[in-house]
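Reviewing the structure listed below.
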Amino acid sequence: MAQRSPSPPAPVVLLDPAEVRAACDRARAGGHGVGFVPTMGALHQGHLALVSEARRRAGYVVVSVFVNPKQFGPNEDFARYPRDLAADVAKLAPLGVDVVLAPHVDSVYPPGDETRVRPGAIAAPLEGAHRAGHFEGVATVVAKLFGIVGPCVAILGRKDYQQLLVVRRMVRDLFLPVDIVGHPIVRDPDGLAMSSRNVYLSPDERRRALAIVAGLDDAARAFARGERSARALERCARAPIELAAASIDYVEARDADTLAPIEGDVAARAVLAVACRVGATRLIDNVVLGEDAPPLGS
Ligand code: PAF
């Protein structure tokens, strides 16, 4: 009779950063590299793909679940951001995660905490222009989490493309000894990028949100056919989104490494990034022209 391979042991859920650091120190002393996936919970298949990548790359895997108040603006969704730690741990259990770090806000920002990481120009456009203080909040919490876990590799999703670049630049500028791996966007079968915020969408909004992926797909196909004008590619992506979105924050083609604006033609790789509201829900998505396949496939 075929033997079923045993399920991996359930992850240990730790609230205390000191306990997580001690667990990671023990793993390193035992010869394991530590892989890390920072999350705010409400885990979906996109997160689980990051965790599987961490599992492939490291012998010991830590996932943080922490809704970081410092990266939300006063009118954003911090209070209602979906939180269900038990459900998150159940989703992580089959993946062989060793530790889930789920700290209280006070242990990440204890009384007297005052040091902040202020990213530079890479954080200024796109999300930075529409969410004041957001990337300072992200960089600060990611630096703290890296300090607690001490990973040799951390996996971040490319849906938050600018966040990935901000974290990469922070790691470079602060000489942090961690490799940052960007994982491709994971999409639902109809193309919508997976996001914890998709749960806010009504069925009608969920349908209208597909205009985002349709716009990016149109632009990626135009690029594949030889269109290089940054403005023309932006117009191409924007057209369907304008019909479906309540408002658009940006549809912009920028240098894929520096996020510098592109005046005329796209020379090599460019990220075409979108942020818009569908109903009241703010969604972001992107495609890297010259690198990613059109998001709706062939
Ligand atoms: O992408 C996220 O979920 C968050 O911005 C992160 C990286 C976990 C920091 O809070």
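Both ligands and their constituent atoms are indexed starting at 1 by order of listing.
- For the pair R228 and F223, the cation-pi criterion (under 6.0 Å, within 45° of the ring axis) is fulfilled.
- Sorted by first and then second residue, the salt bridge (charged side-chain N to carboxylate O under 4.0 Å, His left out) pairs involving residues 285-298 (not counting sequence neighbours) are R158-E291, R158-D292, R187-D285, R269-E291.
- Using bins of under 30°, 30° to 60° and over 60° for the plane-to-plane angle, the ring pair F66/Y109 lands in the tilted bin.
- At least one side-chain heavy atom of V67 sits under 4.5 Å from a side-chain heavy atom of F78.
- Identified under the salt bridge (charged side-chain N to carboxylate O under 4.0 Å, His left out) test for residues 88-106, with sequence neighbours left out: R55-D98.
- Take Q162 and apply the side-chain hydrogen bond (donor to acceptor under 3.5 Å, both in side chains) test, not counting sequence neighbours, and it matches no residue.
- Residue-level contacts of ligand 1 at the 4.0 Å heavy-atom threshold are P38, T39, M40, N68, Q71, V141, Q163.
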